[in-house]
Amino acid sequence: MPELPEVETIKRELQTLLTGKTIVRCRVMRPDIIGYPETREFKRRIRNQVITRIHRRAKYLLMDLAGGSTLIFHLRLSGALLVKTKGKISRHARIVFLLNDGSNLIFDEPRVLGRAYLINKDEQPHVLKGFHELSYEPISPEFDLAYFAKNLGKRKAIIKSVLLDQKVCAGVGNIYSDEALFRAGIRPFRRASRLKPAEIFKLLLALKDVLHLGIKHLGTSVSDYRRVNEQTGNFQKMLRVYAQEGKPCKVCGTPIVVKKIGNRGTRYCPKCQK
DNA sequence: ATGACGTCCTGCCTGC
DNA sequence: TGCAGGCAGGACGTCA
């Protein structure tokens, strides 16, 4: 699923392919993929807009348009942004943006959980509440020991849930939270407020480390994540616990286990993680 | 305010 | 072979 490193990879690829191009118009196959505004208005506002800048905030991908509005995507679990000049359009294409050079930007999303938004400059609609509540990203300089320790200290929830909280660790998802906890040697079920200072520091470094590694290796393709040309990332080859259940731990040989936390699978080594 | 949990949605996998 | 049911999971709403 696209988390911070995957969206960062997609962003970098789209920057070279789309910056300066014009969205002539779009075709919407599934109106419910549009979070805001309603479909007719979305299609009307998107016409003949020049893409001036492409950037990223946590797991959101943003395209600034010359008219002052921003096209925002959240890919959720299975979304992809594909650029194609020819070939047939996949059956999971939900929105197709026709560009002035004849190529297409395709918002492909099998599970229809992802969303596209078109937001005017001075508009702060409640539909993007989560976006405005995002905290620092672990790879940013502001995400330091003081910030992390303060936010973990006031939370009684288990550490895994806190890592997934976008109001604490913006951009972190299931893959990188499991990987960071493994590298820090911390069990996902530990209460956040009960972690020792040394553990918080190790976890901080592990989080920064796995996210940077994920970016360096162009993301993790274990299920649905695809880059703009449909190629995969490479970080799945370096995973130590995520999608490794049943396999021996690379450090101690103990089989990696998977347990439910909330409604999501959590993988860890029962021996290495205390 | 916080934490726990259900819901959305579809494709894929499993088991009968 | 065919199909029902379970599962995956990020964000968000609801409830205690």
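Note that the coordinates shown come from a computational prediction; the quantities given were computed from them, not determined experimentally. Per chain, numbering begins at 1; letters A, B, ... match sequence-line order.
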Report which part of the nucleic acid A/Gly265 touches: base, sugar-phosphate, or nothing (heavy-atom distance under 4.0 Å, all strands).
sugar-phosphate

Do NZ/NE/NH1/NH2 and the carboxylate oxygens of A/Glu109 and A/Arg115 come within less than 4.0 Å?
no

Spell out yes or no: do the side chain of A/Arg155 and the base of B/dG3 have one donor N/O and one acceptor N/O closer than 3.5 Å?
no

Specify the separation, in whole Å, of atom CZ of A/Arg76 and atom P of B/dC8.
13 Å

For the residue pair A/Tyr268 and A/Glu245, confirm or rule out a side-chain donor-acceptor distance under 3.5 Å.
no

Output the rounded distance in Å from CZ (A/Arg111) to C1' (C/dG10).
11 Å

Pair A/Thr266, A/Lys259: side-chain N/O donor-acceptor within cut-off below 3.5 Å
no

So if I take the C1' atoms of five pairs at each end of the helix from B/dT2-C/dA16 to B/dC16-C/dG2 and get each local axis, what angle do the two axes make, rounded to 10 degrees?
50°

Tell me whether A/Glu41 is salt-bridged to A/Arg44, with the criterion being a basic N under 4.0 Å from an acidic carboxylate O.
yes

For A/Gln166 and C/dA11, is the shortest distance between a side-chain N/O and OP1 or OP2 below 4.0 Å?
yes

Mind checking if A/Arg115 touches a base, just sugar-phosphate, or nothing, with heavy atoms under 4.0 Å?
nothing

Distance check needed: C/dG10 P versus A/Leu75 CG, whole Å only.
13 Å

I want to verify a distance call: between C/dC12, B/dA4, B/dG11, whose nearest atom is closest to the A/Pro110 side chain?
B/dG11

Take the protein atom CD1 of A/Ile261 and the nucleotide atom C1' of C/dG10, then report the distance between them rounded to whole Å.
15 Å

Between A/Lys84 and A/Glu230, does the salt bridge (Lys or Arg N to Asp or Glu O under 4.0 Å) criterion hold? Intermediate values first, please.
CA-CA 10 Å; A/Lys84 285 192 178 184; A/Glu230 298 188 278; 3.6 Å; yes

Does B/dG11 have its OP1 or OP2 closer than 4.0 Å to a side-chain nitrogen or oxygen of A/His92?
yes

Taking A/Val96 as the fixed residue, which of A/Val28, A/Asn104, A/Leu82 is the one that meets the side-chain contact (heavy atoms from CB on, under 4.5 Å) rule?
A/Asn104

Roughly how many Å is it from CG in A/Leu164 to P in B/dG3, rounded to a whole number?
13 Å

Please check the phosphate of C/dG10 (OP1 and OP2 only) for any side-chain N or O of A/Tyr225 closer than 4.0 Å.
no

Looking only at B/dA4, C/dG13, C/dG10, the nucleotide nearest the A/Arg191 side chain is B/dA4

Start at the 5' end of DNA chain C and walk down; is the nucleotide closest to A/Leu77 or to A/Glu133 reached first?
A/Leu77

For the salt bridge (charged side-chain N to carboxylate O under 4.0 Å, His left out) test, which of A/Arg57, A/Arg227, A/Arg56, A/Lys59 pairs with A/Glu8?
A/Arg56

Atom CZ of A/Arg226 and atom P of B/dG11: how far apart are they, to the nearest Å?
12 Å

For B/dT2, does either OP1 or OP2 sit under 4.0 Å from a side-chain N or O belonging to A/Lys167?
no

Rounded to the nearest angstrom, tell me the gap between atom CZ in A/Arg264 and atom C1' in C/dC12.
11 Å

When all nucleic acid strands are considered with a 4.0 Å heavy-atom cut-off, which category describes A/Gly130: base, sugar-phosphate, or nothing?
sugar-phosphate

Rounded to whole Å, please give me the gap between CZ in A/Phe131 and P in C/dC12.
12 Å

Just by distance, no angles: are the side chains of A/Lys160 and A/Asn174 close enough, under 3.5 Å, to form a donor-acceptor pair?
yes

Heavy atoms only, 4.0 Å cut-off, all strands: where does A/Tyr117 land among base, sugar-phosphate and nothing?
nothing

